[in-house]
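The basis for the numbers below is simple: all heavy atoms, side chains too, and nothing from hydrogens, waters or symmetry mates.
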Amino acid sequence: SSPQKDIVGNGAATDTRRRGSNVVMGAFARHPKFLGAMTCGNDNPFMSSAPRRPAPPALSDAERERLEALLDALPPPCAPPDLSALDGFLVGVLLQPQAVPESRWLPFVHDFDGGRAPAPDVALSPLHALVRRRHAELATAIGARRWFDPWVFDLEPAAPGDEVSPSEIVLPWIAGFAAALEQFPAL
């Protein structure tokens with residue numbers, strides 16, 4: 001698989017290749033501060049307990065790989081997030097006490113550094129369709145107070161024999177969540 005992007009923006013040379021499936025974040029998700037964040041949002045329709053249409057099916061592995069390829073293919077000056085950071089970002093958007101209009105958060109999907117649009121000849125429809133599906137999937141799970149599978153991936157160690165700490169594994173997801181809070185600081 002391809003190396004994940006440096007989502008922190010500090011230019012550090014890191015090789016963060018995915019190895020296998022998602023890592024369970026049960027302890028993080030059960031943390032009291034996280035649960036407190038999930039219980040707010042009475043003015044956010046994504047957070048209400050009102051019945052709504054079922055979410056679209058979860059993205060398959062092939063669709064997730066397609067999403068990753070679409071993000072990787074965005075030309076400069078765009079600086080898109082990696083999959084974990086995108087997932088954390090979407091959760092940060094959804095947990096806001098007031099719903100964030102798509103027109104405000106969607107530009108950050110193709111440019112975490114400021115929402116710059118790519119050149120007009122770059123087709124964003126396939127990318128946006130997959131992102132909207134993940135957004136809807138997360139919105140349904142969060143609104144119903146159900147567990148969801150965060151896109152957090154095992155990383156390959158920098159050198160043979162090195163270990164990757166759990167904090168390194170969740171860092172991209174947390175950075176994406178923090179980026180959402182930076183752009184939309186109401187939470």
Side-chain angles (χ1 to χ4, degrees), residues 1-18 22 25 28 33-34 37-38 40-41 43-47 56 59 63-139 141-142 148 150-153 155 167-187:
S1 90
S2 63
Q4 298 291 310
K5 291 190 177 5
D6 169 25
I7 51 86
V8 180
N10 62 6
T14 57
D15 184 10
T16 57
R17 295 178 189 269
R18 288 189 298 152
N22 291 1
M25 280 186 32
F28 174 72
K33 287 185 181 180
F34 186 74
M38 289 183 66
C40 71
D43 296 329
N44 184 336
F46 297 117
M47 298 292 294
L59 268 63
E63 289 169 317
R64 200 168 39 205
E65 288 174 12
R66 174 75 175 137
L67 176 56
E68 181 177 34
L70 290 168
L71 289 168
D72 289 344
L74 287 171
C78 292
D82 70 7
L83 286 179
S84 288
L86 173 63
D87 203 55
F89 179 79
L90 292 175
V91 171
V93 166
L94 287 164
L95 289 179
Q96 295 296 312
Q98 301 283 326
V100 178
E102 182 180 285
S103 62
R104 290 196 52 220
W105 63 261
L106 193 58
F108 291 97
V109 168
H110 35 81
D111 184 39
F112 245 29
D113 290 340
R116 294 175 295 237
D121 63 329
V122 176
L124 294 175
S125 297
L127 170 67
H128 288 176
L130 291 170
V131 170
R132 285 182 182 112
R133 277 197 37 217
R134 179 58 175 172
H135 182 274
E137 177 188 355
L138 290 168
I142 291 169
F148 60 90
W151 288 353
V152 178
F153 306 101
L155 304 175
S167 61
E168 290 175 289
I169 292 170
V170 298
L171 181 62
W173 194 95
I174 293 169
F177 185 84
L181 300 187
E182 184 178 321
Q183 295 302 321
F184 311 106
L187 183 61

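- Atom CG of L187 sits about 6.0 Å away from atom CG of L95, to the nearest 0.5 Å.
- Distance check, rounded to the nearest 0.5 Å: CG of D72 to CD of E65 gives 11.5 Å.
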Result block: side-chain N/O donor-acceptor pairs under 3.5 angstrom for residues 100-108, not counting sequence neighbours:
{"unit_1": "E102", "atom_1": "OE1", "unit_2": "R132", "atom_2": "NE", "d": "3.1"}
{"unit_1": "E102", "atom_1": "OE2", "unit_2": "R132", "atom_2": "NE", "d": "2.9"}
{"unit_1": "E102", "atom_1": "OE2", "unit_2": "R132", "atom_2": "NH2", "d": "2.8"}

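- Closest approach of P150 and D87 over heavy atoms only: CA-OD2, 3.4 Å.
- If you take CZ on F89 and CG on D82, they are separated by 13.5 Å, rounding to the nearest 0.5 Å.
- The backbone N or O of L155 sits nowhere less than 3.5 Å from a side-chain atom of E168 that would complete a donor-acceptor pair.
- D111 places none of its side-chain heavy atoms less than 4.5 Å from the side chain of L74.
- The side-chain contact (heavy atoms from CB on, under 4.5 Å) search around L130 returns L59, E63, R66, L67, L70, R133, not counting sequence neighbours.
- A heavy-atom distance below 4.5 Å is found between the side chains of V122 and P75.
- For A129, the side-chain contact (heavy atoms from CB on, under 4.5 Å) criterion is met by no residue, not counting sequence neighbours.
- F112 and A179 make their closest contact through CE2-CB, 3.8 Å (heavy atoms, listed as atom of the first residue, atom of the second, distance).
- Contact of the P118 side chain with the L124 side chain is registered, since non-hydrogen atoms from C-beta on lie closer than 4.5 Å.
- Closest non-hydrogen pair, H110 versus H128, comes out as CD2-NE2, 3.3 Å.
- Heavy atoms only, all atoms of each residue included: S84 and W151 are closest at OG-O, 2.6 Å.
- Scanning both residues, L94 and A139, for their nearest heavy atoms gives CD1-N, 3.5 Å.
- Distance CZ/R134 to CG/L83: 9.5 Å, rounded to 0.5 Å.
- The heavy-atom pair separating P80 from L71 by the smallest distance is CG-O, 3.2 Å.
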